[in-house]
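Have a look at the structure below, then the notes.
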Amino acid sequence: MPALSTAQARDVITRYSKINNEANIDRNRRLLDTVEDGPVYAMSVSDYTEAEGPPAADRKPYKPWSYDSADAKLYIPRLGAGQDRWFAAALSDQRGKAPSRLAVFAGRSQHKRWEMVSVVDLDSPELPDIALDHDGYATAVAADGNKHLAADADLLRTAILDNFATGGTNTGTKVFAPTKASKRQIEVHDETGTRYGAQGTTVFAGTANRYKDAYALKTTDGGALILFSHTHTQTDAVAHSGLQINPGKDDRAWLHDVPRTSITYTFVCNDAATVPAKAEPSRLIGYTCARTDASGPPVPSWSDRA
């Protein structure tokens with residue numbers, strides 16, 4: 001059976017937009033929790049936290065928005081008995097505009113509601129060719145351990161972490177063909193890693209990932225579109241004593257304007273990739289990250305004062 005009807009899916013998107021706006025006005029985490037879960041909720045809460053860092057007078061007013069549910073491109077899979085319900089949607093926040101995001105909504109049976117669990121900013125309005133049956137429904141396939149695909153979510157995640165950590169030297173450029181998204185990750189490694197010159201270092205690394213759910217839809221070429229998440233860290237450190245890193249204004253909520261000798265940022269990210277059925281490189285078509293934490297030891301003078 002399909003996970004839900006197209007009309008129900010559009011209602012889910014409309015409800016999400018409405019409640020998301022209501023929650024965002026005063027950063028109501030409890031209300032937001034009724035329409036978001038998993039990495040999306042973690043990323044949104046981190047946005048709230050970051051917004052609360054500056055004094056109230058310096059905070060930007062909230063601008064309401066909504067997804068265009070009527071023109072959303074829906075990918076509703078047929079599911080077997082006992083499978084968790086979910087669907088994907090290509091979304092635009094402007095009527096008549098091409099989709100700019102790819103989202104996953106999951107049915108939470110314990111709460112009897114649908115919640116957004118993944119959303120990715122797309123680098124191109126050209127969408128993957130999802131295989132649809134005569135009724136317009138998609139086919140869900142295994143995202144992990146799928147022997148019929150060139151890569152699964154776990155290998156894709158490893159390759160993305162390698163893009164950040166090494167510039168793709170080990171697995172990133174082997175698993176992924178060059179795309180805007182994969183090139184951007186490698187540029188983050190290359191440019192951020194050298195920005196301090198001889199005065200400091202920047203190191204990227206994978207870290208514990210709480211969000212292991214992954215979703216996959218069969219594509220017309222026999223491959224799959226896979227949507228998944230990863231978590232990585234970025235650690236900036238001074239090269240020697242006597243130097244300090246001054247937190248930026250966006251770090252205020254976590255670091256409180258206190259100079260540090262090193263700062264470790266944690267990022268939660270959503271990713272989307274198309275994977276072929278044969279042994280060829282996959283294509284990273286988009287990713288979205290949010291800083292969810294920042295910490296590090298204060299410089300000695302601040303430590304002594306504390």
Report task. Would you check if Asp123 and Thr179 make a side-chain contact, meaning some heavy-atom pair closer than 4.5 Å? Result -> no

Query - Heavy-atom side-chain proximity of Thr158 to Asn170 below 4.5 angstrom - result: no

Could you give the distance from [atom1] ([X]) to [atom2] ([Y]), rounded to the nearest 0.5 Å?
X	Y	atom1	atom2	result
Tyr287	Phe164	OH	CZ	4.5 Å
Asn163	Gln185	CG	CD	5.0 Å
Leu284	Lys180	CG	NZ	13.0 Å
Asp68	Lys73	CG	NZ	14.0 Å
Thr292	Phe267	OG1	CZ	8.5 Å
Leu225	Ile285	CG	CD1	5.5 Å

Look at [X] together with [Y] and state whether they make a salt bridge at an N to O cut-off of under 4.0 Å.
X	Y	answer
Asp251	Arg291	yes
Arg29	Glu52	yes
Arg195	Asp236	yes
Asp162	Lys174	no

Query raised in the report: Is there a side chain to side chain contact (heavy atoms under 4.5 Å, CB included) between Leu156 and Val175 once you walk through the steps?
Result: CA-CA 7 Å; Leu156 296 173; Val175 170; 4.0 Å; yes

Requested in this report: Give a yes or no on whether Ile186 and Phe176 share a hydrophobic cluster (residues Ile, Leu, Val, Met, Phe, Trp, Tyr; joining criterion: side-chain heavy atoms under 4.5 Å apart).
Outcome: no

Query raised in the report: Would a hydrophobic clustering, with Ile, Leu, Val, Met, Phe, Trp and Tyr connected at side-chain separations under 4.5 Å, put Met43 with Leu102?
Result: no

Under 3.5 Å, which donor-acceptor pairs link side chains of residues 203-215 to any protein atom two or more places apart or in another chain?
unit_1, atom_1, unit_2, atom_2, d
Asn209, OD1, Tyr211, N, 3.3
Asn209, OD1, Thr231, OG1, 3.1
Asn209, ND2, Tyr211, O, 3.1

Main-chain N/O of [Y] paired with [X] side-chain donor or acceptor, under 3.5 Å:
X	Y	result
Thr194	Asp190	yes
Asp129	Thr220	no
Thr173	Thr169	no
Asn146	Asp152	no
Arg10	Ala70	yes
Asn21	Trp65	yes
Arg260	Gly296	yes
Gln83	Gly80	yes
Ser44	Tyr41	no
Thr219	Ala224	yes

**Report entry** Steps toward side chain to side chain donor-acceptor pair (under 3.5 Å) verdict (Tyr48, Asn24)
**Finding:** CA-CA 8 Å; Tyr48 287 1; Asn24 290 348; 2.5 Å; yes

Query raised in the report: Which word best sums up how the rings of Tyr67 and Tyr16 line up, parallel for under 30°, tilted for 30 to 60°, or perpendicular for over 60°?
Result: parallel

Between the side chains of [X] and [Y], is a donor N or O closer than 3.5 angstrom to an acceptor N or O?
X	Y	result
Thr235	Thr264	yes
Thr288	Asn270	no
Ser69	Thr14	yes

Query raised in the report: Counting only heavy atoms not in Asp84, do more than 12 fall under 6.0 Å of its CG?
Result: no

Query raised in the report: Got more than 12 heavy atoms from elsewhere within 6.0 Å of CZ, Arg283?
Result: no

Report task. Run through Ile13, Val35, Ile76, Val117 and flag the one making a side chain to side chain contact (heavy atoms under 4.5 Å, CB included) with Phe105. Result -> Ile13

Which atoms form the tightest heavy-atom contact between [X] and [Y], and what is the distance?
X	Y	value
Pro55	Arg252	CD-NH1, 4.4 Å
Trp254	Ala294	CB-O, 3.5 Å
Trp86	Ala140	CZ2-CB, 4.0 Å
Ala177	Pro281	N-CB, 3.5 Å

Query raised in the report: Can you name the side chain to side chain contact (heavy atoms under 4.5 Å, CB included) partners of Ala138, sequence neighbours left out?
Result: Ile130, Leu132, Leu217

Query raised in the report: For the rings on Trp114 and Phe87, is their centre-to-centre separation under 6.0 Å?
Result: yes

Report task. Provide the full list of ring-ring contact (aromatic ring centres under 6.0 Å, His included) pairs with a residue in residues 125-155, sequence neighbours left out, each pair given once. Result -> none

Report task. With side chain to side chain contact (heavy atoms under 4.5 Å, CB included) as the test, would you mind laying out the steps for Gln94 and Ser100 before giving the verdict? Result -> CA-CA 10 Å; Gln94 297 184 46; Ser100 58; over 6 Å; no

